[in-house]
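Supplied in structure tokens, the structure appears directly below.
Given the structure is predicted, the values throughout are model-derived calculations rather than measurements.
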Amino acid sequence: MIAFVSGKVAAVGPDGAVIDVHGVGMAVQCAPATLAGLKIGEDAHVPTSMVVREDSLTLFGFADDDERQIFELLQTASGVGPRLALAMLAVHPPDRLRLAVAQEDVTALTQVPGIGKKGAQRIVLELKDRLGSPVGAPEAPGRRPGAGQAWRAQVQTGLVNLGWTVKDADAAVDAVAADLDGTEVPPVGELLKAALKKLSR
């Protein structure tokens with residue numbers, strides 16, 4: 001079990017990063033919000049969870065220990081594997097997931113790609129007594145990470161980490177913001193993908 005990796009960030013991609021740990025490049029898959037906080041060349045401490053399969057060893061990285069714990073607890077629900085658990089954390093932070101499960105908020109859970117109504121109901125049934133109560137300030141129901149203007153900095157940082165110039169990143173963020181035009185703000189991961197599409201044109 002690798003509980004965390006510490007070292008310089010060697011590379012950042014759309015769905016993961018490489019941390020140089022004493023000359024060994026550790027590939028870590030992360031949610032977009034976590035990736036947005038990693039900058040190439042800077043030191044990073046990333047809590048991790050290793051998923052072992054017959055044909056692979058995959059290291060998943062998180063912003064903090066709480067996020068890692070929720071990732072592991074989510075997988076105790078039937079039908080929830082590591083990819084879906086990571087997708088859930090990409091859409092909702094840990095406390096929002098705790099709140100959604102505690103309040104049986106099926107609508108919030110179905111915002112996650114790959115989770116339908118029946119799947120959300122099953123997750124609520126199986127995890128209601130496992131996730132615990134929110135540990136931080138409760139987030140407003142239906143509100144996703146990236147709401148308001150905070151997402152702009154996260155997406156801009158993510159684009160710069162992927163090799164785009166600050167000028168190009170700012171232009172892409174402005175274009176995505178214009179498309180939103182007052183509508184509900186999607187998760188940071190979707191916003192990052194939208195910005196990449198703008199830059200690829």
Which atom pairs, one a donor and one an acceptor, fall under 3.5 Å between side chains of residues 13-28 and the rest of the protein, sequence neighbours left out?
| from | atom 1 | to | atom 2 | distance (Å) |
| --- | --- | --- | --- | --- |
| D20 | OD1 | G23 | N | 2.8 |

**Item:** With L109, the side-chain contact (heavy atoms from CB on, under 4.5 Å) member among R122, E104, M88
**Value:**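 The side-chain contact (heavy atoms from CB on, under 4.5 Å) with L109 is passed solely by M88 among R122, E104, M88.
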**Item:** Close side-chain approach of V106 and K117, heavy atoms under 4.5 Å
**Value:**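 Yes, their side chains come closer than 4.5 Å.
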**Message:** I'd like to check the side-chain hydrogen bond (donor to acceptor under 3.5 Å, both in side chains) partners of D168; sequence neighbours left out, ordered by chain and number.
**Reply:**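 So D168 forms a side-chain hydrogen bond (donor to acceptor under 3.5 Å, both in side chains) with T165.
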**Request:** Given salt bridge (Lys or Arg N to Asp or Glu O under 4.0 Å), test D105 with R96 step by step and report yes or no.
**Result:** CA-CA 10 Å; D105 189 350; R96 179 69 190 107; 2.9 Å; yes
**Prompt:** Between T58 and R53, do the side chains contain an N or O donor and an N or O acceptor separated by less than 3.5 Å?
**Reply:**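 Absent: no donor and acceptor within the cut-off.
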**Request:** Check the pair L59, Q29 against side chain to side chain contact (heavy atoms under 4.5 Å, CB included), reporting the backbone distance first and the verdict last.
**Result:** CA-CA 6 Å; L59 206 56; Q29 298 202 5; over 6 Å; no
**Item:** Shortest non-hydrogen contact from P113 toward V91
**Value:**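 Closest approach of P113 to V91: CD-CG2, 4.1 Å.
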**Item:** pair L191-L180: side-chain heavy atoms closer than 4.5 Å
**Value:**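 Of all side-chain heavy-atom pairs linking L180 with L191, at least one is under 4.5 Å.
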**Asked** Would you say L84 and L74 make side-chain contact, with heavy atoms under 4.5 Å?
**Response**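 Heavy-atom side-chain distance check fails, nothing below 4.5 Å.
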**Item:** Closest non-hydrogen atom pair between A31 and L86, with its separation
**Value:**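 Here A31 and L86 meet closest at N-CD1, 3.9 Å.
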**Prompt:** Taking C-beta and beyond as the side chain, do F4 and V46 meet within less than 4.5 Å on heavy atoms?
**Reply:**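 Not touching, per the 4.5 Å side-chain cut-off.
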**Prompt:** Judged by atom type as modelled, is there a donor-acceptor pair below 3.5 Å linking the side chain of T48 to the main-chain atoms of I2?
**Reply:**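 A pair under 3.5 Å: yes.
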**Asked** Side chains of L89 and F62: does their closest heavy-atom pair fall under 4.5 Å?
**Response**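 Yes; the side chains approach each other to less than 4.5 Å.
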**Request:** Identify the heavy atoms of A120 and T110 that sit nearest to each other, and give their distance.
**Result:**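 Distance-wise, the nearest heavy atoms are CB-CG2, 3.9 Å.
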**Prompt:** Without hydrogens or angle criteria, can the side chains of T76 and R130 be said to hold a donor-acceptor pair below 3.5 Å?
**Reply:**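 Yes, R130 and T76 have a side-chain donor paired with an acceptor closer than 3.5 Å.
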**Request:** Consider only side-chain N and O atoms of Q69 and S49, and report whether a donor and an acceptor are under 3.5 Å apart.
**Result:**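 There is no such pair between these side chains.
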**Message:** Give me the atom names and distance for the closest heavy-atom approach of L38 to A44.
**Reply:**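 What the structure gives for the nearest pair is CD2-CB, 3.8 Å.
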**Message:** Using 0.5 Å steps for rounding, measure from the CG atom of L97 to the CD1 atom of I70.
**Reply:**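 Output value for this atom pair is 7.0 Å.
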**Request:** Would you check if K198 and V173 make a side-chain contact, meaning some heavy-atom pair closer than 4.5 Å?
**Result:**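 The answer is no; the side chains never approach within 4.5 Å.
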**Asked** Under the side chain to side chain contact (heavy atoms under 4.5 Å, CB included) criterion, do D170 and V166 qualify, and how do the steps go?
**Response** CA-CA 6 Å; D170 285 342; V166 172; 3.6 Å; yes
**Prompt:** For the residue pair A100 and A108, what are the closest heavy atoms and their distance?
**Reply:**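 Reported closest heavy-atom pair: CB-CB, 4.1 Å.
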**Message:** If you compare all heavy atoms of F71 against all heavy atoms of A85, which two are closest, and at what distance to 0.1 Å?
**Reply:**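 Here F71 and A85 meet closest at CD1-CB, 3.7 Å.
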**Item:** Common cluster, M50/V5, ILVMFWY with side-chain heavy-atom separation under 4.5 Å
**Value:**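 Yes, M50 connects to V5 through the hydrophobic network.
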**Item:** Validation row: E72, F60 side chains within 4.5 angstrom (heavy atoms)
**Value:**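 Not touching, per the 4.5 Å side-chain cut-off.
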**Intermediate values then yes/no, salt bridge (Lys or Arg N to Asp or Glu O under 4.0 Å), D66 and R98** = CA-CA 11 Å; D66 184 42; R98 289 189 179 99; 2.5 Å; yes
**Asked** Tell me the salt bridge (charged side-chain N to carboxylate O under 4.0 Å, His left out) pairs involving residues 42-51, sequence neighbours left out?
**Response**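 Listed by first then second residue: K8-D43.
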